[in-house]
Amino acid sequence: MTNIDEREIEKVFLKLNRLKTAVIDSSSIIYLHKSGFLCHVAAAVELYTIPQVIDETGMEHLSARVVDPPDLPGKTSTDRRLFAAAVSMKKAMISEDRAILLKCDAEGVEYYNAYNMLVMLRLRALIDDTQFFRYEEKL
């Protein structure tokens, strides 16, 4: 059994509470949308993404700023382009993709997933306990 360091948990909660902007990928957009709280996250955090993510999700009306990723070789994957955008903009990443999250960890980029966004909403009292548990069940 792993001991959970309460100081580390408090650090994460403080970061979530201060999160103002983030770059979001397709998987998180889909998870948040299907779970029903994408609109809450978009109202709480200024979201950024790249055109390829909009193409993948089909969410042209997403409440996110669409930015062009830095110039990369032509066949560069959407994930690499998105990561490069987060790094160049110095923004946190929201992703469910393990490879992206590992890369963020290795490169020192702040990162979160859909569940973290749900916790952030509750921490900020933007949703109540009933909503939290309903969204958590859907997630």
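- A distance of 12.5 Å separates CG in L101 from NZ in K103, rounded to the nearest 0.5 Å.
- For the salt bridge (charged side-chain N to carboxylate O under 4.0 Å, His left out) test, no residue two or more places apart in sequence or in another chain qualifies with E136.
- Hydrophobic clustering of Ile, Leu, Val, Met, Phe, Trp and Tyr side chains at less than 4.5 Å, counting indirect connections, unites V41 with F133.
- Counting only residues at least two apart or on different chains, no ring pair (Phe, Tyr, Trp, His ring centres under 6.0 Å) pair has a member in residues 109-130.
- In this structure, the side chains of L32 and I24 come closer than 4.5 Å at one or more pairs of heavy atoms.
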_Apply side chain to side chain contact (heavy atoms under 4.5 Å, CB included) to residues E107 and V87 and explain how you reach the verdict._
CA-CA 9 Å; E107 304 269 337; V87 169; 5.5 Å; no
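- Within the structure, ring pair (Phe, Tyr, Trp, His ring centres under 6.0 Å) contacts touching residues 10-39 (residues at least two apart or in different chains) are F37-Y135.
- Scored by the side-chain contact (heavy atoms from CB on, under 4.5 Å) test, A64 finds L47, T49, L62 as partners (sequence neighbours excluded).
- Contact check for I94 versus V23: no side-chain heavy atoms found under the 4.5 Å cut-off.
- Other residues, nucleotides and ligands place no more than 12 heavy atoms under 6.0 Å from the CZ atom of R80.
- Looking only at side-chain heavy atoms (C-beta outward), L121 and Q131 stay at 4.5 Å or farther from each other.
- Side chains of S26 and E56: a donor on one and an acceptor on the other come within 3.5 Å.
- Residues satisfying the salt bridge (charged side-chain N to carboxylate O under 4.0 Å, His left out) criterion with K15, sequence neighbours excluded, are absent altogether.
- Applying the side-chain contact (heavy atoms from CB on, under 4.5 Å) test to S27 and every residue at least two apart in sequence or in another chain returns D25, S95, E96.
- Applying the side-chain contact (heavy atoms from CB on, under 4.5 Å) test to S63 and every residue at least two apart in sequence or in another chain returns A42.
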*With side chain to side chain contact (heavy atoms under 4.5 Å, CB included) as the test, would you mind laying out the steps for M117 and L19 before giving the verdict?*
CA-CA 10 Å; M117 293 298 95; L19 183 65; 3.6 Å; yes
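- Hydrophobic cluster membership is shared by F132 and L16, with clusters built from Ile, Leu, Val, Met, Phe, Trp and Tyr side chains linked at under 4.5 angstrom.
- At a threshold of 4.5 Å between non-hydrogen side-chain atoms, the residues M120 and V45 count as touching.
- In this structure, the separation between OG1 on T21 and NZ on K90 is 12.5 Å, given to the nearest 0.5 Å.
- Side chains of N116 and V119 form no contact here, defined as non-hydrogen atoms less than 4.5 Å apart.
- We find the OG-CD1 distance between S35 and I30 to be 11.5 Å, quoted to the nearest 0.5 Å.
- Every salt bridge (charged side-chain N to carboxylate O under 4.0 Å, His left out) that R65 has, sequence neighbours left out, goes to E46.
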*List the steps and the verdict of side chain to side chain contact (heavy atoms under 4.5 Å, CB included) for I50 and V66.*
CA-CA 5 Å; I50 60 175; V66 180; 5.7 Å; no
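- Residues passing the side-chain contact (heavy atoms from CB on, under 4.5 Å) test with D68, sequence neighbours excluded: P51.
- Qualifying salt bridge (charged side-chain N to carboxylate O under 4.0 Å, His left out) partners for R18, counting only residues two or more places apart in sequence or in other chains: none.
- Listed by chain and number, the residues in a side-chain hydrogen bond (donor to acceptor under 3.5 Å, both in side chains) with R98 amount to none (sequence neighbours excluded).
- Applying the ring pair (Phe, Tyr, Trp, His ring centres under 6.0 Å) definition to pairs two or more places apart or across chains, none involves residues 46-93.
- Under the 4.0 Å criterion applied to side-chain N and carboxylate O atoms, R122 and D128 are not assigned as salt-bridge partners.
- Considering only heavy atoms from C-beta on, M89 comes within 4.5 Å of V67 through its side chain.
- Residues L82 and M93 have side chains in contact (heavy-atom distance under 4.5 Å, counting atoms from C-beta outward).
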